[in-house]
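Here it is, the structure, as structure tokens.
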Number of protein chains: 2
Amino acid sequence: MSIITSRERLLQAAVEAFAEKGFTATTTRDIATRAGMSPAAVYVHHDTKESLLFTVSVEGHQAALAVIRTAAAIEGDHVARLRQMVREFSTWHAVNSRVGRIVQYEFDALTPEHRAEIADYRRQIERVMRDVLSAGVADGAFDVVDVPGTARAILSLSIDLVRWFSPRASTSAGDIAQLHAELAVRMTTPRSPS
Amino acid sequence: MSIITSRERLLQAAVEAFAEKGFTATTTRDIATRAGMSPAAVYVHHDTKESLLFTVSVEGHQAALAVIRTAAAIEGDHVARLRQMVREFSTWHAVNSRVGRIVQYEFDALTPEHRAEIADYRRQIERVMRDVLSAGVADGAFDVVDVPGTARAILSLSIDLVRWFSPRASTSAGDIAQLHAELAVRMTTPRSPS
DNA sequence: GTCTATACGTGGATAGAC
DNA sequence: GTCTATCCACGTATAGAC
């Protein structure tokens, strides 16, 4: 059915290698071998090693952005929306922790132009979260003093997953995502006056 | 007063270089130049480049552990204790974001033996947080179902600072730390029945 | 403990045939 | 579009003098 092109094999190989050794320590020879081709063949598809990293970063950020946007678009009140966003965003980072780790930690290895493009994806992700918090503050669903700061903190929970999550650990991605969703709701919903 | 030894100059140079280029991309020549010595002189103090990273990691983790332990030892109730711990731990990670970034992101570049030692520091840090949450649950100050998960999530807020904090950004370390402390309290303290 | 000089392996990228 | 062969720069670590 799905024909795996050389381009896709190359990207998968790059993800594997970058995740195992880091961007700098990965050799183009290693990527080539994993993709089942010669070192020279890599350069037919990508001018530089950095170009491979950039492609992985773009696709990773596009996927994460799509996930949080889809979650933000569900029917229901703002609390349900937030819960869904955090659950889905955390799940994505747990399931794709390898890609997530690469794109987060190798950001500085990109060229300035590519860095700027990726930074823009990140701003878009933050905007989705801020918009939901602001909307909820407006109608009283949320009590949040510092919307940008709280948005960033909530996203931190999900993103930091890539640093420590292991598919072989005892806690499942789903359980962690559920916990994060509940913590995000606690962070944002009004508390009774004491 | 304080005499800066070659050893300390070397460590400072290593931190600078690792922070700028990452561990793998940093050359021993670069470290040597920054420390004002020849490439060969580095090897008088450290057998390998990895040994420099390990030393930075040990000192960084010891400092962070001391900060959270000191905060956990203050007088007051569990809520005040948690607030202090998060505030101090976040402040440390903001102020020392360069070192924090190195020790968090270059963990895999350590030898297996060194990795195990650093992992032990991390377990100690998590234990401090879990112990405070457990004590607060026991006397009703906290309402936390998943103590290990929530402890980890709270620490995530602080640690993820090293990924995005910039001393040149508009929000100060103190403001962020204060926000994190309030969010941690919201995550853990009981909510009125609705 | 610091230097200069260097051995030796490795890596990104290219040349040119098929 | 893929190969083999290779260029050439670079990086870790060491040798040996002072």
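Letters A, B, ... mirror the listed sequences (proteins, then strands); counts begin at 1. These numbers were taken from a predicted model, which means no experiment stands behind them.
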- Task: Please confirm whether B/Arg101 makes a cation-pi placement over B/Phe18, using NZ or CZ under 6.0 Å from the six-membered ring centre and within 45° of the ring normal.
- Result: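 So B/Arg101 doesn't make the cation-pi contact.
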
- Item | Minimum heavy-atom distance between A/Arg87 and A/Ala177, given as atom pair plus value |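 That closest heavy-atom pairing would be O-CB, 3.4 Å.
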
- Message: On a heavy-atom basis, which atom in B/Ala64 and which in B/His93 lie closest, and how many Å separate them?
- Response: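 Nearest pair, atom of B/Ala64 first, then B/His93: CB-CE1, 4.5 Å.
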
- Measure the distance from CG on B/Leu52 to P on D/dA13 and round it to the nearest whole Å.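 Answer to the nearest Å: 10 Å.
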
- Figure out the CZ/P separation between A/Arg7 and D/dT2, and round it to whole Å.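 Roughly 14 Å, once rounded to whole Å.
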
- Query: So, B/Arg152 and B/Asp146, do they make that salt bridge, N to O below 4.0 Å?
  - Reply: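 Answer for the salt bridge query: no.
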
- Any Lys/Arg nitrogen of B/Arg186 or A/Asp143 sitting under 4.0 Å from an Asp/Glu carboxylate oxygen of the other?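 Salt bridge flag = yes for A/Asp143 with B/Arg186.
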
- Using heavy atoms and a sub-4.0 Å distance, could you list which residues of residues 19-45 of chain A are near DNA chain D? By number, please.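 Hits under 4.0 Å, by residue number: A/Arg29, A/Met37, A/Ser38, A/Ala40, A/Ala41, A/Val44, A/His45.
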
- Item | B/Lys49 NZ to D/dA13 P, straight-line distance once rounded to whole Å |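 Going from B/Lys49 (NZ) to D/dA13 (P), I get 8 Å.
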
